[in-house]
Amino acid sequence: MALATDIDRIVEIQHSEPSPAILGLAGDVAHGRRFGAALVKTMGVTDPVRPYVVCETKGLVVGFAQYSIGESDDMPMNFRLIANVVRALGFRVFSMRPRLVARKAVRIEVPSSSFYIGEIQVHPSQRGSGIGAQLLQWLDAEATRQHTPMMSLITDIENPARRLYERLGFAAVETRVDKNFERYTARTGRVLMTKPASVS
């Protein structure tokens, strides 16, 4: 499991190259990095309800995953989160409303009581080395330990990682598309993928 001291490395892995969704909300790479860092640092990485697990090579975190059981992928809004986002984006925060509306248009509900993979990220220098597959296999085993019959994740329709998810048994069950979301993110929409957890 991740330690509080892993947070800067997790931020680096996740937001050195901000995702299209983060870029769509923040507007550019620099603000995307600040915005993404604000989100992770506000929520932390040691919440037992949304735990993070890390993969290390020679003592260095090279990938991580975050999961929950039956939880939405929405971050709970609170004063600290809002203050940190405003600090990260400055006046740019006032342009977020239409972007948030576009993001809401492609929102998909997380299946009730499923083992939901909220994040899975590998450092850019380590992609293609099998770390993502190792993390997914660990998550599959954890879903079995937690007695959850189904695993789920939500990703961009065009995400190249979908091939890995499909190879490991995930299948697309719902998609949402939106022209404004595509305008802000260069992605047509989002897809919910599920698979049965392995039987122990």
Side-chain angles (χ1 to χ4, degrees), residues 6-45 50 52 54 61-68 72-78 80-110 116-128 131-132 135 152-165 172 174-193:
D6 294 324
I7 195 164
D8 287 334
R9 181 65 174 172
I10 287 171
V11 167
E12 179 186 344
I13 291 169
Q14 187 170 4
H15 297 296
S16 61
E17 297 177 4
S19 70
I22 291 291
L23 287 174
L25 289 172
D28 60 42
V29 171
H31 285 93
R33 288 176 179 151
R34 290 201 291 272
F35 177 51
L39 295 179
V40 175
K41 290 185 175 183
T42 300
M43 302 305 295
V45 297
R50 298 172 187 240
Y52 280 70
V54 297
V61 174
V62 293
F64 72 88
Q66 178 271 321
Y67 68 90
S68 60
S72 163
D73 68 338
D74 293 333
M75 286 195 164
M77 295 298 288
N78 58 48
R80 184 170 173 239
L81 176 60
I82 293 167
N84 285 345
V85 168
V86 170
R87 192 175 302 118
L89 295 182
F91 288 111
R92 189 172 291 253
V93 75
F94 295 109
S95 69
M96 284 187 72
R97 187 176 183 283
R99 296 168 186 267
L100 289 168
V101 169
R103 176 68 172 76
K104 187 175 180 181
V106 295
R107 184 179 184 277
I108 302 174
E109 289 288 335
V110 174
Y116 176 66
I117 303 170
E119 290 290 344
I120 183 161
Q121 302 280 343
V122 176
H123 192 276
S125 67
Q126 301 289 325
R127 289 176 188 159
I131 291 169
L135 284 165
S152 64
L153 60 86
I154 298 171
T155 190
D156 293 339
I157 290 171
E158 293 86 358
N159 187 349
R162 281 186 65 181
R163 291 191 294 276
L164 170 62
Y165 304 150
E174 183 179 352
T175 60
R176 294 278 175 89
V177 298
D178 180 77
K179 289 294 183 186
N180 287 324
F181 181 80
E182 184 174 6
R183 180 161 62 95
Y184 290 124
T185 66
R187 297 292 187 270
T188 55
R190 308 204 81 208
V191 57
L192 168 67
M193 305 182 76

Can you find a pair of side-chain heavy atoms, one from [X] and one from [Y], that are under 4.5 Å apart?
{"X": "Arg190", "Y": "Asp156", "value": "yes"}
{"X": "Val177", "Y": "Glu182", "value": "no"}
{"X": "Pro98", "Y": "Tyr184", "value": "yes"}
{"X": "Val191", "Y": "Ile154", "value": "no"}
{"X": "Leu23", "Y": "Thr185", "value": "no"}
{"X": "Arg107", "Y": "Phe181", "value": "no"}

| request: State which residues pass side-chain contact (heavy atoms from CB on, under 4.5 Å) with Ala37; sequence neighbours excluded, sorted by chain then number. | output: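 Result, side-chain contact (heavy atoms from CB on, under 4.5 Å) vs Ala37: Val11.
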| Contacts of type side-chain contact (heavy atoms from CB on, under 4.5 Å), residue Glu119, not counting sequence neighbours |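 For Glu119, the residues satisfying side-chain contact (heavy atoms from CB on, under 4.5 Å) (neighbours in sequence not counted) are Gln14, Phe64, Gln66, Gln121.
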Of all the heavy-atom pairs spanning [X] and [Y], show the shortest one and how long it is.
{"X": "Gly132", "Y": "Val122", "answer": "N-CG2, 3.7 Å"}
{"X": "His15", "Y": "Arg33", "answer": "O-CG, 3.0 Å"}
{"X": "Ala172", "Y": "Arg162", "answer": "CB-NH2, 3.9 Å"}
{"X": "Leu153", "Y": "Ile117", "answer": "CB-O, 3.8 Å"}
{"X": "Ala88", "Y": "Ala38", "answer": "CB-CB, 4.0 Å"}
{"X": "Ile13", "Y": "Val62", "answer": "CD1-C, 3.8 Å"}

From [X] [atom1] over to [Y] [atom2], what is the distance, rounded to the nearest 0.5 angstrom?
{"X": "Thr188", "Y": "Ile157", "atom1": "OG1", "atom2": "CD1", "value": "3.5 Å"}
{"X": "Met193", "Y": "Thr175", "atom1": "CE", "atom2": "OG1", "value": "11.5 Å"}
{"X": "Thr155", "Y": "Tyr165", "atom1": "OG1", "atom2": "OH", "value": "5.0 Å"}

| request: Taking Arg9 for its side chain and Val61 for its backbone only, find out whether a donor-acceptor pair lies under 3.5 Å. | output: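 Present.
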| field | Gly63 backbone acceptor or donor facing Gln126 side chain under 3.5 Å | value |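 Not a single qualifying donor-acceptor pair exists.
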| query | Can you list the steps and then say if Ile7 with Lys41 is a side-chain contact (heavy atoms from CB on, under 4.5 Å)? | reply | CA-CA 7 Å; Ile7 195 164; Lys41 290 185 175 183; 4.0 Å; yes
| said: Under 4.0 Å between a side-chain nitrogen and a carboxylate oxygen: does that hold for Arg183 and Asp178? | reply: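 Salt bridge absent between Arg183 and Asp178.
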| Partner set under ring-ring contact (aromatic ring centres under 6.0 Å, His included) for Tyr67, not counting sequence neighbours |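 Tyr67 satisfies ring-ring contact (aromatic ring centres under 6.0 Å, His included) with Phe115 once adjacent residues are dropped.
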| message | For Leu39 and Val85: C-alpha separation, side-chain torsions, deciding distance, then whether side-chain contact (heavy atoms from CB on, under 4.5 Å) applies. | response | CA-CA 7 Å; Leu39 295 179; Val85 168; 4.1 Å; yes
| said: What verdict does the side-chain contact (heavy atoms from CB on, under 4.5 Å) test give for Val54 and Val45, after you've listed the backbone C-alpha separation in whole Å, the side-chain angles of each residue and the deciding distance to 0.1 Å? | reply: CA-CA 10 Å; Val54 297; Val45 297; over 6 Å; no
| Of all residues at least two apart in sequence or in a different chain, which pass the salt bridge (charged side-chain N to carboxylate O under 4.0 Å, His left out) check with Arg176? |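 Per chain and number, Arg176 pairs via salt bridge (charged side-chain N to carboxylate O under 4.0 Å, His left out) with Glu174.
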| In chain order, what residues pass the side-chain hydrogen bond (donor to acceptor under 3.5 Å, both in side chains) check against His31, with sequence neighbours excluded? |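 Per chain and number, His31 pairs via side-chain hydrogen bond (donor to acceptor under 3.5 Å, both in side chains) with Asp28, Arg34, Arg92.
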| field | side-chain hydrogen bond (donor to acceptor under 3.5 Å, both in side chains) against Ser152, all qualifying residues, sequence neighbours excluded | value |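 Once residues adjacent in sequence are excluded, the partners of Ser152 under the side-chain hydrogen bond (donor to acceptor under 3.5 Å, both in side chains) criterion are Ser114.
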| said: What verdict does the side-chain contact (heavy atoms from CB on, under 4.5 Å) test give for Glu12 and Asp8, after you've listed the backbone C-alpha separation in whole Å, the side-chain angles of each residue and the deciding distance to 0.1 Å? | reply: CA-CA 6 Å; Glu12 179 186 344; Asp8 287 334; over 6 Å; no
